[in-house]
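Below, chains carry the letters A, B, ... as their sequence lines are ordered, and counting in each starts from 1. This one's a predicted model, so the numbers in the text were calculated from it and none came from an experiment.
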Number of protein chains: 2
Amino acid sequence: MDHSKSTKKPMTSRELAALIGVSQSAVSRAFTPGSSIARDLRERILMQAREYGYQPNAIASMLTKRRTNIVGIVVSDMRNPFYPALIEKLTQALQRAGLQSLLFNVTPGAEIEKQLVAIHTYNVDAVVVIASTMLNSRMLTRITEGRKAVLLNRIGHEDIASVCCDNALGARLLVDHLYEAGHRRIGHVAGMTSSGIGMLRYSAFTSRLAELGMRLTRTVSHEAFSYEAGWDSALDLLADEPDAIFFTSDILALGGIDALRTDPRGAGVGVVGFDDIPMAAWPNYSLTTYRQPVSAIAETTTRLLTEDGPTTPKLYSLPGELVIRASSAPRITGAE
Amino acid sequence: MDHSKSTKKPMTSRELAALIGVSQSAVSRAFTPGSSIARDLRERILMQAREYGYQPNAIASMLTKRRTNIVGIVVSDMRNPFYPALIEKLTQALQRAGLQSLLFNVTPGAEIEKQLVAIHTYNVDAVVVIASTMLNSRMLTRITEGRKAVLLNRIGHEDIASVCCDNALGARLLVDHLYEAGHRRIGHVAGMTSSGIGMLRYSAFTSRLAELGMRLTRTVSHEAFSYEAGWDSALDLLADEPDAIFFTSDILALGGIDALRTDPRGAGVGVVGFDDIPMAAWPNYSLTTYRQPVSAIAETTTRLLTEDGPTTPKLYSLPGELVIRASSAPRITGAE
DNA sequence: ATGAAAGCGCTAACAG
DNA sequence: CTGTTAGCGCTTTCAT
């Protein structure tokens with residue numbers, strides 16, 4: 001039988017307690033795992049709760065426990081298709097751990113600090129900052145102080161843990177692959193120079209290039225990780241007649257591929273990207289790239305946020321996977 | 001001078017009140033717009049609050065005001081690039097209205113109801129459900145009961161408001177455009193048949209087709225709005241030798257375009273999509289499509305959720321914009 | 001193991 | 001306009 005009334009106000013623990021003749025604390029304990037309460041009392045209460053449609057009010061619980069079970073997710077670049085994929089996996093992993101995700105979309109225009117006050121007033125337990133070059137180190141300190149925090153695709157903050165794929169390894173594997181495919185003169189498209197991750201990939205890229213005796217024709221940067229930036233950069237690099245171009249991110253590479261097709265000098269130029277966004281697998285692009293271990297990143301982040309004790313502010317570097325497709329076809333056989 | 005100690009626990013209104021010799025309610029009122037408090041008292045309190053780094057605790061406020069200022073955003077398909085764009089605009093609009101976004105990512109596998117209990121326990125003020133065919137009507141009723149709600153890209157629920165672009169208009173304009181470009185035999189790719197929006201576009205499409213005396217060669221559906229589904233559907237439709245293909249969504253159309261290129265019969269077949277995702281503008285695709293008014297959708301949704309009084313459960317249909325690109329090039333001039 | 005009672009930090013009557 | 005007083009619904013001692 002269904003006792004649940006569709007009243008406006010949800011029922012309180014006290015009401016339920018009165019209804020079934022136990023103390024209010026008993027109800028509370030029934031819903032608190034590990035609290036000392038008799039097995040059968042708990043069962044009885046939980047059963048009745050289901051009958052009456054009672055659910056503990058999380059807000060009240062937050063107030064007393066001073067835990068919200070909410071993690072703030074700070075994003076600024078939803079345009080790069082890599083991030084929606086990451087956010088999806090992350091929120092799912094957090095949900096499985098019983099954590100909710102409060103989304104903060106920081107936009108360039110307005111005062112960014114204003115947009116983030118809710119992190120404090122809502123007392124989020126933890127903060128995950130995704131990439132955002134929009135926040136400087138001081139802001140990061142402010143929004144993360146007093147709570148757990150993880151940076152994704154961002155490095156270099158002294159007191160905050162970072163979770164990334166192994167960017168250096170990825171860059172090296174891509175260079176190795178280009179080498180094996182017969183490419184020797186490599187151009188580089190950096191995207192934003194303000195991105196620590198971009199620079200990390202860049203340095204691993206150049207040092208591996210040097211080790212193999214290959215040549216960096218030139219580096220081009222644009223203040224965005226975007227299709228358009230990739231397009232412009234690729235055309236720019238053609239002047240140096242590279243055998244192949246290393247793009248710091250897939251979205252840049254896709255723009256690059258399309259741009260190269262518009263120029264005769266682009267024929268046969270190999271292309272590699274980084275991330276493995278869905279479009280990289282589209283036959284039209286068939287982009288060779290380094291796949292970021294998105295699930296592992298999400299899991300690791302969740303683990304760091306849920307384990308007790310302070311989070312070690314180190315860099316957690318997770319191995320990804322080299323994905324070879326047609327865009328980096330061997331030089332010998334010519335263009336695809 | 002900076003009095004703010006970086007202590008763990010943030011300061012309370014009572015502490016601040018004691019510190020500056022006013023009542024605790026005065027502090028509360030200082031932070032409550034429109035409360036009756038002297039101008040200078042408020043100013044003084046706010047100033048001191050800034051000094052000491054006091055911020056009202058939103059959790060406590062939620063408990064008394066029984067408003068959370070949180071809206072739950074329920075999504076299931078972050079894969080379709082249209083949705084990240086929509087979510088971005090929506091959360092930004094909500095933020096400007098002082099509302100936070102709690103993200104619910106419903107995954108097919110597990111028990112969906114379980115994933116949504118937090119909507120109740122966290123007492124979100126409002127719910128926005130994006131597209132998700134994953135939730136049936138009964139679930140919608142359950143999660144929206146007792147709070148404001150808006151469906152985006154989803155229609156047909158009796159008691160809940162829907163905000164959409166004008167799908168019928170869009171479909172008609174696209175058909176008109178195909179007609180003018182000389183196409184007469186049109187194929188149709190439906191994506192998911194469980195999508196009300198998809199069906200709405202479909203019926204507007206077919207009726208306009210009929211009005212103009214054009215011919216629907218065939219409709220193909222796949223249980224997804226994805227690149228792959230578009231690819232397969234397009235190849236499937238080629239058997240009927242259509243002049244052009246109408247895809248119910250851009251992401252389908254992109255797959256279709258690439259697929260058509262793999263088949264000689266695909267040359268010269270016109271393509272139109274719906275949404276205007278960023279990739280539609282990429283030169284390689286140059287997809288003619290109907291642009292959804294994403295900002296207007298976000299604004300309208302925010303308005304509905306913030307205005308007081310119950311939300312009328314009607315369909316708010318917002319005009320988009322026909323975007324003509326090369327994919328629907330006139331039949332006369334042949335393939336591009 | 002259970003109940004009673006004291007808050008968590010704030011808002012909202014209620015007096016004055 | 002300001003201060004005092006009750007709670008909001010829960011968790012958590014503290015007794016029993």
Side-chain angles (χ1 to χ4, degrees), chain A residues 7-46 48-49 52-70 117-118 120-125 146, chain B residues 7-46 48-49 52-70 117-118 120-125 146:
Chain A
T7 43
K8 296 259 89 138
K9 267 190 65 198
M11 136 185 287
T12 72
S13 62
R14 175 160 283 107
E15 287 165 0
L16 180 66
L19 233 37
I20 66 184
V22 297
S23 77
Q24 182 270 333
S25 356
V27 175
S28 173
R29 284 195 266 259
F31 280 91
T32 308
S35 62
S36 64
I37 183 177
R39 256 190 85 76
D40 45 336
L41 212 211
R42 161 172 284 150
E43 305 247 304
R44 189 153 67 89
I45 293 177
L46 291 180
Q48 297 288 336
Y52 287 101
Y54 166 77
Q55 300 224 211
N57 180 337
I59 308 291
S61 154
M62 290 178 198
L63 193 55
T64 50
K65 296 215 290 209
R66 40 261 329 269
R67 296 192 73 236
T68 54
N69 280 350
I70 292 178
V117 291
H120 296 109
T121 61
Y122 280 70
N123 279 317
V124 305
D125 289 343
Chain B
T7 43
K8 297 260 87 141
K9 267 191 64 198
M11 134 185 289
T12 72
S13 63
R14 176 161 281 107
E15 285 165 2
L16 180 66
L19 233 36
I20 66 185
V22 296
S23 78
Q24 182 269 334
S25 1
V27 175
S28 173
R29 284 195 266 259
F31 280 90
T32 308
S35 61
S36 63
I37 183 176
R39 254 190 88 73
D40 46 335
L41 211 211
R42 162 172 283 151
E43 303 248 303
R44 188 153 68 88
I45 293 177
L46 290 180
Q48 297 288 334
Y52 288 101
Y54 166 76
Q55 303 227 208
N57 181 337
I59 308 292
S61 153
M62 290 178 199
L63 193 55
T64 52
K65 296 217 288 207
R66 40 253 337 267
R67 296 190 73 235
T68 54
N69 281 351
I70 292 177
V117 290
H120 296 108
T121 60
Y122 280 70
N123 278 314
V124 304
D125 289 342

Restricting to side-chain contact (heavy atoms from CB on, under 4.5 Å), what partner residues turn up for Glu43(B), sequence neighbours left out? Arg39(B)
For a quick check, with a 4.0 angstrom heavy-atom cut-off, what is the B/S/- contact string for nucleotides 8-15 of chain C, read 5' to 3'? BBBBBB--
Quick one: side-chain contact (heavy atoms from CB on, under 4.5 Å) partners of Ala38(A), sequence neighbours excluded? Asp40(A), Leu41(A)
Those residues that, when tested against Ser35(B), pass side chain to side chain donor-acceptor pair (under 3.5 Å) (two or more places apart): Arg42(B)
Only counting residues at least two apart or in another chain, list the ones meeting side chain to side chain donor-acceptor pair (under 3.5 Å) with Arg29(B). none
Among all residues two or more places apart in sequence or in another chain, which pass the side chain to side chain donor-acceptor pair (under 3.5 Å) test with Ser28(B)? none
Give me the bend of the helix from dA1(C)-dT16(D) to dG16(C)-dC1(D), using the axes of the five pairs at each end, rounded to 10°. 40°
Thr68(B): partners by side-chain contact (heavy atoms from CB on, under 4.5 Å), with sequence neighbours left out: Ile59(A), Met62(B), Ile70(B), Asn123(B), Asp125(B)
For Thr64(A), give me all partners under side chain to side chain donor-acceptor pair (under 3.5 Å), at least two apart in sequence or on another chain. none
For Ser61(B), all residues meeting side-chain contact (heavy atoms from CB on, under 4.5 Å), sequence neighbours excluded: Lys65(B)
Do Thr12(B) and Asn57(B) pass the side chain to side chain contact (heavy atoms under 4.5 Å, CB included) test, and can you show the C-alpha distance, the side-chain angles, and the key distance before you say yes or no? CA-CA 8 Å; Thr12(B) 72; Asn57(B) 181 337; over 6 Å; no
Under the rule for ring-ring contact (aromatic ring centres under 6.0 Å, His included), what residues qualify as partners of Tyr122(B), not counting sequence neighbours? none
Shoot me the first and last contacting nucleotide of DNA chain D against chain B, ordered 5' to 3', at under 4.0 angstrom to non-hydrogen atoms. dC1(D) to dG9(D)
